[in-house]
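Sequential numbering from 1 along the given sequence is applied to the chain's residues. Counting starts at 1 for both ligands and their atoms, in listed order.
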Amino acid sequence: MIILAIETSCDDTSVAIIEVKSKKQKAKNANPEIKVLANLISSQIRIHKKWGGVVPNLASRAHAKNLPIVFGKALKEAKLKIKDIDVIALTIGPGLSPSLLIGVHFARALGCKYNKPIIPVNHVEGHICSNFFQKFDNSEIRNPKSKTKSKIPNSEFRIQFPIMNLIVSGGHTSLYLMKGYGKYQLVGKTRDDAAGEAFDKAAKMMGLGYPGGPIISALAESYKLTAISYQLTLPRPMINSKDFDFSFSGLKTAVFYKLREISEKEEITKNIKMAIAYEFQQSVIDVLISKTISAAKKYKTKTIAISGGVSANSELRKQFEQKAKENGITFVMPPKDMSTDNGLMIAIAGYYNFLAGNISTWDKIDADPNLKL
Ligand code: KG4
Ligand code: ZN
């Protein structure tokens, strides 16, 4: 079957087309053979950069302009016509309402004119599903368990339920216990800012640009490589709280006060910004890892999976892998280019929803900016 996926929940206009072949399509945990025919993203960073964050109305205008173009390019790359598409997987929420609505309108039009079923997808589930796919290079992969050769996503060999999922992005910082496909239990969430949002705001305060995550990560890396040492500490919010909730707005405020305190004594040089970036990033990493490992232990999960834009952070990936290993828990993460928003993760989530029978039509779908998992 051919799945077309549309993702416009924030500031990336993404369209993916996948071909799924599965002999056991009805089976619950069928290992699908997934071939990516197209996975295109039109980023709006250039538009939102000067505002230091995503401006919803500008985002929706850009989606409206770019979505038909990205869609056309994806079909061309996949060498397909609209009639070849079997179903449309569509992000309906959570996200920015003006952005989501562009995707919804577009899918409605396609569904109505070409009589295509629509699979509504939760964006957060999309991030989770980025771990159920590893870049598939068309070569045969040997399944160590069954000793048969099959073309299946190799991450499936390592992922065992139950999974403790940390979704960490610009809009979300949540822990979901996942007992199987489509079975989620929220065990912790941020009480204020998402971790990615804190990265973006801290970067803005230091005049570093947008999005803040990759910029802070690069500065922190440079700090590690230099001989400079600037003594400063930032808090690790809620690291010792008994629950699995997060809070990052206090950390952002701590950066603000630290910058003010230093600027009263000396000029804020690039070296000082590097030291702040390093300490800020380590604070976020410490909290995310500590809470996730505790949650995984409490719920006795076999796997920890991270996803969302912040999961592209190299230091977080490295330290998580190490800590999970020390605790004897299998750790998985998506390829870096699937951490941030993309259509491919929506296509994969769409496939699992299709297996579960969550299929709708153009006249029944709508955007839900606060959609819960
Ligand atoms: O998943 P995503 O593309 O969009 C949302 O669903 O929010 O995540 C975007 C967020 C931004 O806040 C960005 O600063 C952050 O992910 N991000 C990173 C890195 N790359 C992107 N944060 C830390 N380190 C990175 N390397
Ligand atoms: Zn996202």
Side-chain angles (χ1 to χ4, degrees), residues 5-14 16 39 41-45 48-49 51-54 56 59 63 91-96 99-100 103 121-131 165-174 176 189-190 193-206 208-222 246 248-249 251-252 277-278 280-289 306-320 333-346 348-349 369-371 373:
I6 299 171
E7 155 63 44
T8 64
S9 67
C10 192
D11 61 340
D12 289 303
T13 316
S14 322
N39 184 26
I41 301 170
S42 167
S43 164
Q44 300 176 9
I45 287 179
H48 303 291
K49 213 175 182 152
W51 308 101
V54 179
H63 283 310
T91 303
I92 58 155
L96 302 171
S99 292
L100 289 164
V121 173
N122 183 308
H123 181 79
V124 174
E125 187 171 40
H127 277 303
I128 289 173
C129 284
S130 62
N131 268 308
N165 276 289
L166 171 71
I167 300 99
V168 65
S169 70
H172 311 275
T173 302
S174 314
Y176 279 96
K189 62 177 185 338
T190 182
D193 291 356
E197 192 181 351
F199 266 100
D200 295 339
K201 287 177 177 168
K204 193 176 176 182
M205 275 182 231
M206 290 191 272
L208 295 173
Y210 175 84
I215 304 171
I216 288 189
S217 163
L219 278 188
E221 199 52 37
S222 313
F246 302 91
F248 291 106
S249 100
L251 178 60
K252 172 191 73 186
Y278 177 84
F280 172 86
Q281 176 176 279
Q282 195 54 50
S283 163
V284 176
I285 292 175
D286 287 347
V287 175
L288 292 176
I289 294 181
I306 60 168
S307 58
V310 180
S311 74
N313 186 284
S314 306
E315 203 53 41
L316 176 74
R317 293 164 80 92
K318 202 166 79 189
Q319 294 185 28
F320 232 131
M333 56 195 162
K336 273 191 185 181
D337 56 358
M338 275 187 79
S339 288
T340 43
D341 291 349
N342 63 88
L344 181 50
M345 68 186 197
I346 304 303
I348 296 165
N370 301 312
L371 186 68
L373 194 59

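Here the options are D12, D11, I6, T8, the test is side chain to side chain contact (heavy atoms under 4.5 Å, CB included), and the partner is H63; only T8 passes.
Within the structure, ligand 1 lacks K336 among the residues with a heavy atom less than 4.0 angstrom away. Assignment of Q281 to the shell around ligand 1 is not supported, since no heavy atom sits closer than 4.0 Å. The closest approach between any non-hydrogen atom of P214 and ligand 1 is below 4.0 Å.
Nearest protein heavy-atom contact of atom 19 (C) of ligand 1 is G309 O, 3.6 Å. Regarding atom 3 (O) of ligand 1, its nearest protein heavy-atom neighbour is D341 N, 3.0 Å. The protein heavy atom nearest to atom 22 (N) of ligand 1 is G213 CA, 3.3 Å.
In the vicinity of S169, heavy-atom distances shorter than 4.0 Å reach the ligand 1 atoms 1 (O), 5 (C), 6 (O), 7 (O), 8 (O). Short contacts between ligand 1 and D200, defined as distances under 4.0 Å to a heavy atom of the residue, involve ligand atoms 11 (C), 12 (O), 13 (C), 14 (O). In summary, the atoms of ligand 1 found under 4.0 Å from a heavy atom of G170, numbered by their order in the structure, are 5 (C), 7 (O), 8 (O), 9 (C), 10 (C), 12 (O). Within ligand 1, counting atoms from 1 as listed, the ones closer than 4.0 Å to a heavy atom of H127 are 1 (O), 6 (O). Applying the 4.0 Å criterion to heavy atoms of P211 picks out, from ligand 1, the atoms 14 (O). Listed by number with element, the atoms of ligand 1 under 4.0 angstrom from any heavy atom of G171 are 7 (O). Against a heavy-atom cut-off of under 4.0 Å, G196 is close to the following atoms of ligand 1: 12 (O).
Considering backbone and side-chain N/O atoms, T340 never comes within less than 3.5 Å of an N/O atom of ligand 1. Considering both main-chain and side-chain atoms, G308 never comes within under 3.5 Å of ligand 1 through any nitrogen or oxygen pair. Considering backbone and side-chain N/O of H172, none are found under 3.5 Å from N/O of ligand 1. Below 3.5 Å of separation, one finds no N or O of D12 facing any N or O of ligand 1. Here's the thing with F199: none of its N/O atoms is less than 3.5 angstrom from an N/O atom of ligand 1.
Relative ring orientation between H127 and H123 is described as perpendicular, the plane-to-plane angle rising above 60° on a 0-90° scale split at 30° and 60°.
Between the side chain of N39 and the backbone N or O of A16, no donor-acceptor pair lies under 3.5 Å.
No more than 12 heavy-atom neighbours from other residues, nucleotides or ligands sit within 6.0 angstrom of OH on Y278.
Between Q319 and I285, the shortest heavy-atom distance links the atoms OE1-CG2, 3.3 Å. In plain terms, the two heavy atoms of S9 and S99 that are nearest each other are O-CB, 3.7 Å.
Using modelled atom types, one finds a donor on one side chain and an acceptor on the other under 3.5 Å when comparing S339 with S311.
Atom CG of L316 sits about 9.0 Å away from atom CE of M333, to the nearest 0.5 Å. Expressed to the nearest 0.5 Å, how far CZ of F248 lies from CG of L288 amounts to 4.5 Å.
Proximity of P94 to N370: side-chain heavy atoms (C-beta onward) are nowhere separated by under 4.5 Å.
In this comparison of N313, I285, T173, V310, the heavy atom closest to atom 26 (N) of ligand 1 sits on N313.
A ring-centre distance under 6.0 Å is found for F199 and F280.
Of all protein N/O/S atoms, those under 2.8 Å from the Zn ion (ligand 2) are H123 NE2, H127 NE2, D341 OD1, and waters are not counted.
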